[in-house]
Amino acid sequence: MTTASAFHFESLVWDWPIAVYLFLIGISAGLVVLAVLIRQYYPTAAGSDSTIMRTTLILAPTTIIFGLLILILHLTRPWTFWKLMFHYSPTSVMSMGVMLFQVYMAVLVIWLAKIYEKELIVLQQKWLPKLTLIPRVLTLLNRAMRFLDIVMLILAVLLGAYTGFLLSALKSYPFLNNPLLPALFLFSGISSGIAVSLMAIALRYRKNIHNTETAFLHRIEGFVIWLEIFLLAAFFVGLALGDDGKIRSLIAALGGGFWTWWFWIGVVGFGFIIPLLFKKWMDKGQGAVRVLIISGASLLGVFCLRFFVLYAGQLTVA
C-alpha cells in the first residue's frame, strides 16, 4: 500500500480528532477509578478538599463533554447527533457507547453532588433558597453512597474499556481487531488519570507534595505502568502469531517509518522509560517541577499511544 503521508492515506477512516476523543475519555474514566479507590482505601484523604476529588470534579465531566463534542463535530451530519441519544441498537458498538455515556454522566453528576453535598447546599441556599428538593434528595442518598461508589467504579471501567472496544470492532483492520485493546486502553486511561492527579497535586502544594494522596498514586503507578507494558507486549505477540493480515499489520506498524519512530520515542520513551527511570528521582525530591516533568511525560506517552494505535492500526486492511 502506498501512503501519501503518515496522517493521510487511502485506508484511513478515523483521523486525529478520534485520537483526541479517545484520550479525553480515558482521562475521565481514569480519574473516576482513582477517586473511587482512594475513597475506599483512604477515606480520610478523600474528602471534598482532596486534590484527586477536586480534579475529578472539574475534569471528569469536562473531558467527557469536550470528547463528545469532538465526536459530534466529526460526524458526517453532526446536526443529527440527537437521534443517537434516543435510538439504541444492541448490535451497534457506537449505539451502546452512547447509552453508556448517558448513564455514566447521570450517575457521575449524582455521585459528585453527594460528595460535595455541603458546598452544593451552600450554593443552593444562596441562589435558589426555595428549591429545597436538592437537600432532601441528597439526604436520601446517605445510605446508598457505598452502592453509588460501586456503580461509579463499574461505569468508569466500562467506559475506559469501551474506547478499546470501539476500535476493536473495526473488523476490516487486523491490527485493531484485537481482544486486548480494551484492557490496554483501560489501564492507559488510569495511567493518564494518575499523571493528571500528580500534576494537580504538584501545582497545588508546590514545595511539599508528599502526602497521603501522593503515596496512594505512587503505590499503584508502578503496577499500572508494568501492566501496560505487559498488555502492549501481549498485543504485539498476538499479532505476530496471528494470520497473514495480522502479521502484515504488525510489520506496517513497527517495520520502519514514521509510526515506528512515533511508537519508540513517544509511547515507549515518554510513556514508559522516563517515568520508570526517574521515579526514584521524583520520590526523593520535594519540588513540584520534577513531578510535572515526569507526569507530563507519562501523559504525553498515553496521548502518543492513542495516536499510534489509531493511525498504525489503519495502515493495513484485511
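The basis for the numbers below is simple: all heavy atoms, side chains too, and nothing from hydrogens, waters or symmetry mates.
Within the 4.5 Å cutoff, the side chain of Thr63 has no heavy atoms near those of the Phe66 side chain. Annotation: side chain of Leu57 is not in contact with side chain of Ile115 (no heavy-atom distance under 4.5 Å). Looking at Trp259 and Phe7, their side chains come closer than 4.5 Å, going by heavy atoms from C-beta outward. Val291 has its side chain out of reach of Thr214: every pair of non-hydrogen atoms, C-beta onward, lies at least 4.5 Å apart. Side chains of Ile293 and Phe278 form no contact here, defined as non-hydrogen atoms less than 4.5 Å apart. Counting heavy atoms from C-beta outward, Phe9 and Leu315 have side chains that approach closer than 4.5 Å. Within the 4.5 Å cutoff, the side chain of Leu299 has heavy atoms near those of the Ser192 side chain. Taking 4.5 Å as the limit, every side-chain heavy atom of Val109 sits out of range of all side-chain heavy atoms of Pro61.
Proximity of a side-chain donor or acceptor of Asn142 to a complementary backbone N or O of Thr139 within less than 3.5 Å is detected. A donor-acceptor pair under 3.5 Å links the side-chain atoms of Gln314 to the main chain of Trp14, judged by distance alone. A donor-acceptor pair under 3.5 Å is formed between the side chain of Thr260 and the backbone N or O of Gly256. Listed for the Tyr311 side chain is no donor-acceptor partner under 3.5 Å among the backbone atoms of Leu12.
Of the listed residues (Ile220, Leu217, Ile52), just one forms a side chain to side chain contact (heavy atoms under 4.5 Å, CB included) with Ile38, and that residue is Ile52.
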Which pairs of donor and acceptor atoms, one on a side chain in residues 152-166, lie under 3.5 Å apart (sequence neighbours left out)?
| unit_1 | atom_1 | unit_2 | atom_2 | d |
| --- | --- | --- | --- | --- |
| Tyr162 | OH | Val93 | O | 3.4 |
| Thr163 | OG1 | Gly160 | O | 2.8 |

Name the atoms and distances for all side-chain donor-acceptor pairs under 3.5 Å in residues 193-204, with sequence neighbours left out.
| unit_1 | atom_1 | unit_2 | atom_2 | d |
| --- | --- | --- | --- | --- |
| Ser197 | OG | Gly193 | O | 2.8 |
| Arg204 | NH1 | Asp49 | O | 2.8 |
| Arg204 | NH1 | Thr51 | OG1 | 2.9 |
| Arg204 | NH2 | Asp49 | O | 3.3 |
| Arg204 | NH2 | Asp49 | OD1 | 2.9 |
| Arg204 | NH2 | Asp49 | OD2 | 3.3 |

Please tabulate, one pair per line, all N/O donor-acceptor pairs under 3.5 Å involving side-chain atoms of residues 25-37, not counting sequence neighbours.
| unit_1 | atom_1 | unit_2 | atom_2 | d |
| --- | --- | --- | --- | --- |
| Ser28 | OG | Ala60 | O | 2.8 |
| Ser28 | OG | Tyr104 | OH | 2.9 |

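With sequence neighbours excluded, the residues satisfying side chain to side chain contact (heavy atoms under 4.5 Å, CB included) with Ile273 are Val268, Leu277. Scored by the side chain to side chain donor-acceptor pair (under 3.5 Å) test, Thr56 finds no partners at all (sequence neighbours excluded). With sequence neighbours left out, the side chain to side chain contact (heavy atoms under 4.5 Å, CB included) criterion links Trp261 to Ile265. Remark: Lys114 engages Glu117 in a salt bridge (charged side-chain N to carboxylate O under 4.0 Å, His left out) (not counting sequence neighbours).
For an aromatic pair to be called close, the ring centres must be under 6.0 Å apart, and Phe307 with Phe263 fails this.
Atom-to-atom distance recorded for Ile190:CD1 and Glu221:CD is 12.5 Å, nearest 0.5 angstrom. Taken from CG in Leu310 to CG in Leu176, the straight-line distance is 7.5 Å, to the nearest 0.5 Å. Note that the CD atom of Glu228 and the OG atom of Ser191 stand 4.0 Å from one another [nearest 0.5 Å]. We find the CG-CG distance between Leu120 and Leu112 to be 10.5 Å, quoted to the nearest 0.5 Å. Summarising the geometry, atom CG belonging to Leu184 is positioned 7.0 Å from atom CZ belonging to Phe235; distances are rounded to the nearest 0.5 Å. The structure places CD of Glu119 at 9.5 Å from CD1 of Ile121, a figure rounded to the nearest 0.5 Å.
The two atoms that bring Phe175 and Asn178 nearest to each other are O-CB, 4.0 Å, heavy atoms only. For the residue pair Trp262 and Cys304, the shortest heavy atom distance occurs at NE1-O, 2.9 Å. Closest approach of Leu239 to Pro174, counting heavy atoms only: CD2-O, 3.9 Å. Contact record, Val317 with Ser11: CG2-CB, 3.5 Å, taken as the closest heavy-atom pair. Closest heavy-atom contact between Lys246 and Gly242: CD-CA, 4.1 Å. In terms of heavy-atom proximity, Thr316 sits nearest to Ala252 at OG1-CB, 3.4 Å.
Chaining together hydrophobic side chains whose heavy atoms lie under 4.5 Å apart places Leu241 alongside Val237. Cluster partners of Val122: none. The rule joins Ile, Leu, Val, Met, Phe, Trp and Tyr whenever side-chain heavy atoms lie under 4.5 Å apart, and it links nothing here.
The salt bridge (charged side-chain N to carboxylate O under 4.0 Å, His left out) analysis of residues 297-318, with sequence neighbours excluded, yields no pairs. Pairs of residues two or more places apart, or lying in two chains, that qualify as ring pair (Phe, Tyr, Trp, His ring centres under 6.0 Å) and include a residue from residues 20-59 are Phe23-Phe303, Tyr42-Phe216. Among pairs with a residue in residues 110-130, none fulfils ring pair (Phe, Tyr, Trp, His ring centres under 6.0 Å), at least two apart in sequence or across chains.
A 6.0 Å sphere centred on CZ of Phe230 holds no more than 12 heavy atoms belonging to other residues, nucleotides or ligands. The neighbour count for Phe308 CZ, taken as heavy atoms of other residues, nucleotides or ligands under 6.0 Å away, is above 12.
By the criterion of side-chain heavy atoms lying less than 4.5 angstrom apart, applied directly or through intervening Ile, Leu, Val, Met, Phe, Trp or Tyr residues, Ile110 is not grouped with Leu140; the two fall into different hydrophobic clusters. The cluster map of Ile, Leu, Val, Met, Phe, Trp and Tyr, joined by side-chain heavy atoms under 4.5 Å apart, puts Ile251 and Trp264 in different clusters. A single hydrophobic cluster is not seen to contain both Leu250 and Ile247; linkage of ILVMFWY side chains at heavy-atom distances under 4.5 Å, directly or through other members, places them apart.
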Let's go through Leu22 and Leu167 carefully: what are the C-alpha distance in whole Å and the side-chain angles of both, what is the deciding distance for side chain to side chain contact (heavy atoms under 4.5 Å, CB included) to 0.1 Å, and is it a yes or a no?
CA-CA 10 Å; Leu22 297 173; Leu167 294 184; 3.8 Å; yes
